[in-house]
Amino acid sequence: MAPTPSFAATETTLLPGTPSSSSAGPQRLLSVVICTLNEHESIGPVLDELEQALAGVPHEVIVVDDSLDERTADAVRQQRSASPLHLVRRKGARGLSSAAIAGWDAAHGDVLAIMDGDGQHDPSMLRRLLERMEHDGADLAVASRYLESRRSGLNPMRHAVSRTGTRLSSLLLGIPLADPLSGCFLMRRSWYERVRPRLSGLGFKILIDVAASTSERPVVTQLPTELRQRLGGESKLSLRVALDLLMLLVEKRSHGRWTAPRQITLLRCVAAWVVQLAACGLLVAAGVHTPWALLLGILLSLPLAWPMPVLRRMLRPMVWVVSIMGLALITRYLGLSWGVALTAVTLLGSLIVMPWSNA
């Protein structure tokens, strides 16, 4: 009898802005993507359990690691597997959704899967989901925490947040899913290729992105599950994750018209407007003349309206606005002629713009 092959992890490093490599063509293979962030304690046992759960099923595993240190990557490098194991090490990238996309782009299988690396997902669910997908002819097969029970395996606070997000997702998007926030599911490569150009890769809830990126809804099948005790790592739940989810829902509900960058720009402008009004009010109350208060309020609000790289690119047209205001102030309060004032403002604007123009 031929010995069972043993695969060591192959490794790819992705830097920010570098696209992941696409596979040459789909194979009759299940490609399991596991996204990790500081989960060195759990990834080894998860890979071992996954290998046992998928015994007899042709598969590969792609671990996409965003950890700041090398402990999780080292744990993957030490693994020996009977199936191909790939490590995608990302530098400076964050977010489960973008990590999942990087893993799927590097996958070779005709069925793509995702699960967590902290041990909360039962690896045996993947075999059952695969069987159900084939039986039902579905595009998506999802492990749902709320299909037959309101229990999820989460602590009370995380459970409440998850249920709120689930209801909001269903209300806004009409996705036929009991648990649109699930992090354990399978999909056919044909569906992934259909939605890939429209994926936003925002935040940690990739299933919403996958299921709601086109006007066509996927054929979905679901199986009940409950999360297990975490073996390692920490919860990713935070205010930023909640905001990312809200922006993702708005983007999908608007059919891509209100993308996350556009929403962020709108929020920045609103914040800048509020700061400008507050600063002007306080300065006027302190006895500052209204034109000067308005000018200072605008200057204070600029960093909120535009982050520094954008502010640098937009500095030239903004200087014209500030210059016009400065021109009016100089002529009014210093009694200078318009010609002298225009010269002074031009020189001042040049001094401001020149050091920044090549930054």
Side-chain angles (χ1 to χ4, degrees), residues 19-20 22-23 26 29-35 62 64 66 88 93-117 121 125-126 129-130 132-134 136-147 162 165-166 168-223 225 236 241 244-260:
S20 52
S22 300
S23 60
L29 189 73
L30 172 63
S31 296
V32 182
V33 171
I34 302 176
C35 305
I62 301 106
V64 183
D66 289 348
V88 178
R94 288 294 176 268
L96 183 142
S97 292
S98 61
I101 293 170
W104 290 329
D105 283 349
H108 299 83
D110 60 341
V111 177
L112 308 176
I114 186 170
M115 61 176 288
D116 287 349
H121 292 149
M125 281 297 304
L126 297 185
L129 288 171
L130 181 62
R132 177 63 69 88
M133 171 184 278
E134 297 296 337
D136 295 349
D139 299 307
L140 280 174
V142 181
S144 171
R145 296 164 291 181
Y146 309 117
L147 191 61
S162 177
T166 296
L168 191 59
S169 303
S170 300
L171 177 65
L172 291 178
L173 304 179
I175 302 175
L177 292 169
D179 186 7
L181 305 186
S182 173
C184 180
F185 62 90
L186 277 63
M187 64 179 159
R188 296 188 188 276
R189 176 177 286 274
S190 57
W191 179 259
Y192 178 66
E193 292 176 345
R194 196 176 310 170
V195 301
R196 176 64 179 89
R198 296 176 178 268
L199 296 180
S200 67
L202 178 68
F204 286 78
K205 303 305 177 184
I206 184 63
L207 179 55
I208 294 176
D209 212 358
V210 165
S213 285
T214 67
S215 56
E216 178 186 357
R217 290 295 183 250
V219 178
V220 177
T221 189
Q222 303 176 80
L223 287 175
T225 190
K236 311 303 186 295
V241 171
D244 284 344
L245 175 59
L246 288 175
M247 287 191 290
L248 178 62
L249 292 175
V250 171
E251 178 175 332
K252 299 308 173 184
R253 184 67 180 87
S254 65
H255 304 291
R257 288 187 291 271
W258 276 98
T259 61

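Owing to the predicted nature of the structure, the values given are computational and were not obtained by experimental measurement.
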| request: Indicate yes or no: at least one non-hydrogen side-chain atom of Leu129 is less than 4.5 angstrom from one of Leu223. | output: yes
| said: So, taking the atom named CZ in Arg217 and the one named CG in Leu140, what distance separates them when rounded to the nearest 0.5 Å? | reply: 11.0 Å
| field | Arg189 side chain vs Gly109 backbone, donor-acceptor pair below 3.5 Å | value | yes
| request: For the residue pair Ile101 and Arg196, establish whether any side-chain heavy-atom pair is separated by less than 4.5 Å. | output: yes
| request: Might you point out which heavy atoms bring Leu96 and Cys35 nearest each other, and give the distance in Å? | output: O-SG, 4.0 Å
| Trp191 side chain reached by Val210 side chain, heavy atoms, under 4.5 Å | yes
| query | Is there a side-chain contact between Leu207 and Ile114 (heavy atoms, below 4.5 Å)? | reply | no
| message | Is the shortest side-chain heavy-atom distance between Val88 and Val33 below 4.5 Å? | response | no
| Heavy-atom closest pair, residues Arg132 and Thr221 | CG-OG1, 3.0 Å
| query | Rounded to the nearest 0.5 Å, how far does CG of Asp139 lie from OG of Ser190? | reply | 6.0 Å
| said: Would you compute the distance between atom CD1 of Ile206 and atom OG of Ser98 and round it to the nearest 0.5 angstrom? | reply: 8.5 Å
| request: Please list, chain by chain and in numerical order, all residues satisfying side chain to side chain donor-acceptor pair (under 3.5 Å) with Arg188, sequence neighbours excluded. | output: none
| field | Option among Leu30, Leu126, Leu29 that satisfies the side-chain contact (heavy atoms from CB on, under 4.5 Å) test with Val111 | value | Leu30
| Can you list the residues that meet the side chain to side chain donor-acceptor pair (under 3.5 Å) rule with Ser31, with sequence neighbours excluded? | Glu60
| pair Met115-Met125: side-chain heavy atoms closer than 4.5 Å | no
| Within the distance-only criterion (no hydrogens, no angle test), does the side chain of Ser182 pair as donor or acceptor with the backbone N or O of Ala143 below 3.5 angstrom? | yes
| query | Rounded to the nearest 0.5 Å, how far apart are CG of Asp110 and OH of Tyr192? | reply | 15.0 Å
| message | Contact between Ile62 and Trp104 at the side-chain level, heavy atoms closer than 4.5 Å - yes or no? | response | no
| message | Return the OG1 to NE2 distance between Thr225 and His121, rounded to the nearest 0.5 Å. | response | 7.0 Å
